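Each remark here refers to the structure printed beneath this line.
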Amino acid sequence: MKSNFLKGFSATIPVAISVAAYGLVLGVLAYSKGVTFFELLLMDVVTFAGSAQFLMVELWKDPLPITEMLFAVFAINLRYLLIGASLTPLFKGSSIFEKAALMHLVADENWAVTLSRLKKEKISPYFLFGGGICLVIFWLISTLAGHAFGFMISDPYSVALDFVIIIIFTALVASFYDGKDSILPWVVAAIFSYLSFLFIPGKWYIVIGGLSGAIVYSIEKHFRGDKHG
Amino acid sequence: MDNFDMLAIIIIILAGIITYSLRFGGLLVGNMLSKHKFVENLIKALPGTLLLSFIVPSIISEGIPGGISALVAGIIAKKTNNVLIALVIGMAIIIIFRNIL
């Protein structure tokens, strides 16, 4: 048990270091958007999901756009359903309490590290949990450090702080590119997003564009590779 | 009240509950999901299309520099698999446009 925890912890350190780089950026952004130190800390521990936290911070303004924010968090984190489902073999034989306790600290990074290790050797869910603890430590230190030193950036516009998130998301989008199958859904998502941005108040363009593109992807897959029924 | 905004705290906690339910729920429903190919594909495509929908209006608003920066960053990220390099170069392009050109 204990050794699985430590193995998972140490195997996750390399990814955790690159996660910490985003954490630093998130902390600085959060500071510039007026998210308090405590709110960021709470977000880190309670939500513990990078892209969702970036979205929340980005949408953060005086009357908080509650519905848009929660919708966006739900939609961006829907993939955790699949991530959770893919962990079924790892949790075989675990009690429901164990499952409930260990699932909170599942992020893309320790999930990926765990599944690739699971192909090679027999590991327990504590490997995953060790990775999660490793990530949460790096995440807390880096985001809170970014927040604490955020005041050093005096002119956010000229250093293009408002564009940091756009570039990070662009890079992440590129990593989701899945060959030709992605083209049509992405074009549809971009068009719907921009049209909603122009004509629908609030931040709904994120959800509208995202859903329309994803639906196109499903339909496309349905008519192409129909083997799975 | 300035430092302790109750609504903000509630939203953060709700976001946490939503995220946790998805994590735990995925493990509980497990194999049921893979039977519905349509839903599975939908969920698979969502992160990419959502993030794309998020960035498109900002890139268009930023004009040509935004387009160049995003395109270069995207290509670099895809080729090198390194988001940080993409970030540094993409930011450099925007900063040069805003401050020098």
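Computed from a prediction, not measured in an experiment: that's the story for all the values here. Every chain is numbered from 1 and lettered A, B, ... according to where its sequence line falls, protein lines coming before strand lines.
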What are the two closest heavy atoms between [X] and [Y], and how far apart are they?
X: B:K78; Y: A:Y177; value: NZ-O, 3.2 Å
X: A:I167; Y: B:A73; value: CG2-CB, 3.7 Å
X: B:I43; Y: A:R79; value: CG2-CA, 3.8 Å

**Report entry** Worked verdict on B:I12 versus A:M56 for side-chain contact (heavy atoms from CB on, under 4.5 Å)
**Finding:** CA-CA 9 Å; B:I12 292 169; A:M56 289 178 77; 4.2 Å; yes

Min side-chain heavy-atom separation [X]-[Y] under 4.5 Å:
X: A:V73; Y: B:L14; result: no
X: A:V164; Y: B:M91; result: yes
X: B:D5; Y: A:E39; result: yes

Requested in this report: Answer yes or no: is there a donor N or O on one side and an acceptor on the other, between the side chain of A:S218 and the main chain of B:F38, under 3.5 Å?
Outcome: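 Yes, because the side chain of A:S218 sits within donor-acceptor range (under 3.5 Å) of the backbone of B:F38.
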
Atom group of [X] that falls short of 4.5 Å from chain A, counting heavy atoms:
X: B:T80; value: neither
X: B:L84; value: side chain
X: B:I11; value: both

Report task. Using the six-membered ring wherever Trp is involved, compare the ring planes of B:Y20 and A:H104 and label them parallel, tilted or perpendicular (cut-offs 30° and 60°). Result ->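 Aromatic pair B:Y20/A:H104 classed tilted.
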
**Report entry** Where at least one partner belongs to residues 59-71 of chain A, residue pairs that pass salt bridge (charged side-chain N to carboxylate O under 4.0 Å, His left out), sequence neighbours excluded
**Finding:** none

Show me, pair by pair, the donor-acceptor contacts under 3.5 angstrom made by side chains of residues 44-59 of chain B, not counting sequence neighbours?
from  : atom 1 : to     : atom 2 : distance (Å)
B:T49 : OG1    : A:G210 : O      : 2.8
B:T49 : OG1    : B:A45  : O      : 3.3
B:T49 : OG1    : B:L46  : O      : 3.2
B:S53 : OG     : A:G210 : N      : 3.0
B:S53 : OG     : B:T49  : O      : 2.8

Requested in this report: Hey, could you give me the CE/CD1 distance between A:M43 and B:I13, rounded to the nearest 0.5 Å?
Outcome: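 Those atoms lie 11.5 Å apart.
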
Query raised in the report: With respect to chain B, which residue among A:A100, A:S86, A:A52, A:A171 yields the maximal number of heavy-atom pairs within a distance under 4.5 Å?
Result: A:A100

